[in-house]
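Step one of this worksheet: look at the structure below.
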Amino acid sequence: MKGFAKTLLLAAAALAALAAPGCGRKGDDRVVVSFWHTQRGTNQEALAKIIAGFNGSQERYRVVAQYVGGYDQIYRKMVVSIRANKPPALVVAYESMVVDYHKAGAVVDLDRYLTDPECGFTAESLADIYPQFIERNRFRRYGNKLLSFPFTKSVLMMYYNKGLLRQLGYERPPETWDEFVSICRAAKEAGKRGYALSVDASTIDAMVYSFGGQLLSDDDSRTLLGGEPARAVYRLIELMMRDRLAYMILEKSDDDRIDLANGRSAFMIRSSTTRPFLEMQVDELKKAGKPSAEWDLAIIPHAPGVAPVTVMFGANICMLKTTPEVQRGAWEFIKHFTSAEVTAEWATKSGYLPVRKSAVETATLREFFAKSPLARTPLDALPHAAGEPTVEGWQQVRSYIEDAERAVVSGTAADAAADVLAGKADRLLAEVRGGRELSVPVNFSIGFAVFACGVAGIVWRLRRHLG
Amino acid sequence: MKVRNLFSHIVLAIGALLMAFPFLWMIATSLMAKVETETVPITLWPSKLLFANYVDAWRRAAFARYFINTVAVSAAVTLAVLFTSILAGYAFGRLRFRHKGLIFGVFMATMMVPFEVILIPNSLIIQRMGLQNTYAALILPWAANVFSIFLLKQFFQSLPQDYHDAARVDGCTEWQFLWRIAVPMVQPALVTVAIFAFLGSWNSLLWPLIVTDDASMRVVQVGLSTFLEQEQSFLNYLMAASVFVTAPVVVLYLLAQRRFIEGVAGVGIKG
């Protein structure tokens, strides 16, 4: 007993000692702008360098960046911090998350800073930012307010095994889905794999656009996922899986990139941010004297008669309500991060797209494109990029889209999967419009309380047996 | 009989191999160059043993700090779980009080609540208590564990009543009986509880990410996630780091293996 108590006391003392160094840490007098992000590894290093540059140039503000895990973790942490009224000054967020934070009353409308005569953007500077990126951060349902700003932007691209295609007699990448299927068939006959399919809602969304479709009705009241273009997408996947022209990779893995780099497959469809990593992997394979693919990237195929199209995606940076001083510091950082030089530097290090047109003219990007010409292709695809819906509930709809894709891959008929998808998605959007709250733990707590009462009732009946 | 023995040994050997294979793969991958981990077909043996991967992996994240934090938090959680489980397990196992069955049932019912459900309410409580970014935030919510209470209850219940009666005749109080006689007698169960508590704390990732803000407060699992970038993973470094993150737990298990098996095997004992 005494031994155990001593151990407890010792443990408490050790913890107190461990915590002590953190208590006496001295900071400078500048206003701290906390910034929660999801970047790791080389991107995190690049971001840290940009932040160090900002902090070095500032007398009033200091940005403190914190890696807070993936998007799921950052969202949960945000829910807690908003409820506890202790949000960070800046957070990286997808549009659906911005909507939730805004509904909680935590988001700053950036228009007031953007148009501020003292600290805002000039008309020329604003026009220099790709309009698609700005539009993506305006939320129709909330008076077209600018609730976030572009941060990590990319477009969906088709990566192809150029050497294999040449070997099969194709001198250029497929422009239509019919050509895509034909090449996959030829690859299969040559003993190679066709399309490495990665289950992903954004890819399906882009494919719907490429069949001439839209995802939402004009008034955002219902999805168009039961329409002919969406059905055509699922039928294409059904056909490719049935004829073994496509194969599904392990979800959230890099297997498609690995297969393409090793020359085993003909195609993968991925974000433009995959480009530097594919490039790096192929270089490593070459250095190691192993077989590797000659590859290239292009905009995804489309249906005949439909203009080339892809989707742009990526996260944004969202400013939370804190104090006017902190918010001003946060805005200064957003301006710094989206300046031509910095966005060019970020693009070269991370593989994301620069947010300014003038960034292309900087020495940094000119040198970079000269060295990595393939890095230019996603930027050329940007004018063809459309955004995905930002309506409330779309994050959940995305999971339904992926469920439907998994179902088709597993053998469900495409039309049946599309019917189920459209039904579920429309019901959800109707519920959301009707006021159903998403991701609010209070509702769940009520449900849990009812559940707990039920359990307690059963326990009461069985109490004699449990004792 | 011999044929049956041989068959049993073959089955057990296959089972052992299946269990050991992930560990062997982890060690083999930890010694490979990155390019080898991304080559198809998969290679199971590195062409060159790169022990430097361990040094590189250690340097790529603040593992020294993460280890100190994790050891401190895991040890504190283990001690706290042992303390609370001994008291609660003894109360449910040996004491008589009103509504004991009901209270125990409610305790058990909480095991059905998934961690995700209590994540946000718990972290809100931590925030409002002003414990965000402290060791207390990493320890307090895990200081009691219903499964451990259940395990110890079963063991305390199985102790023969004669020991208790004899101790009471000799003037022993309930408190003294618990710590001097009952606790030493349920050591296998204590080892099991300790291992489970330690493992649970050692492996936690989401909770530390939510309740800590400073990198200096993070734990080893956060260090492991360093090697999983959005568009690529450094499998060789990840596996090297996994080896040194797993090693303390494996050593702990090997040291306590016999007691652990006794503890698990004894759960079904009914007094």
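Chain A is the first sequence line, chain B the second, and so forth, proteins listed ahead of strands; every chain is numbered from 1. Computed from a predicted structure; not experimentally measured.
Taking both residues in full, the closest heavy atoms of B:D214 and A:Q66 are given as OD1-NE2, 4.4 Å, listed atom of the first, atom of the second, then distance.
With sequence neighbours excluded, the residues that form a ring-ring contact (aromatic ring centres under 6.0 Å, His included) with A:F35 are A:H37, A:F151, A:F333.
Interface remark: of the candidates A:R76, A:Q44, A:K287, A:R76 forms the most heavy-atom pairs closer than 4.5 Å to chain B. Ranked by heavy-atom pairs under 4.5 Å with chain A, the list B:T134, B:V183, B:L206, B:T226 is led by B:L206.
Other residues, nucleotides and ligands place no more than 12 heavy atoms under 6.0 Å from the CZ atom of B:F107.
For B:Q176, no part lies near chain A; criterion is any non-hydrogen pair under 4.5 Å. For B:R218, the part lying under 4.5 angstrom from a heavy atom of chain A is the side chain only. Both the backbone and the side chain of A:T42 come within less than 4.5 Å of a heavy atom of chain B. Looking at B:T110, neither its backbone nor its side chain comes within 4.5 Å of chain A, counting heavy atoms on both sides. Using a 4.5 Å cut-off between heavy atoms, A:A84 contacts chain B through both its backbone and its side chain.
Distance alone, capped at 3.5 Å, places no donor-acceptor pair between the A:K290 side chain and the B:T39 backbone. Judged by distance alone, the side chain of B:K34 and the main-chain N or O of A:E284 form no donor-acceptor pair under 3.5 Å.
For the atom pair CG of B:L235 and CG of A:D254, the computed distance is 9.0 Å after rounding to the nearest 0.5 Å. To the nearest 0.5 Å, the span separating CD on B:E38 from CG on A:N262 amounts to 8.5 Å.
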Would you be so kind as to tabulate the donor-acceptor pairs closer than 3.5 Å made by side chains of residues 111-131 of chain B, with sequence neighbours excluded?
| from | atom 1 | to | atom 2 | distance (Å) |
| --- | --- | --- | --- | --- |
| B:S123 | OG | B:L119 | O | 2.6 |
| B:S123 | OG | B:I120 | O | 3.1 |
| B:R128 | NH2 | A:R83 | O | 3.1 |

TODO: With side chain to side chain contact (heavy atoms under 4.5 Å, CB included) as the test, would you mind laying out the steps for A:K86 and B:Q132 before giving the verdict?
DONE: CA-CA 11 Å; A:K86 287 179 181 169; B:Q132 181 76 11; 5.9 Å; no
Open item on the list: If you apply the rule side chain to side chain contact (heavy atoms under 4.5 Å, CB included), what do you find for B:L209 with A:K77, and how did you get there?
Closed with: CA-CA 8 Å; B:L209 273 174; A:K77 193 161 166 132; 6.0 Å; no
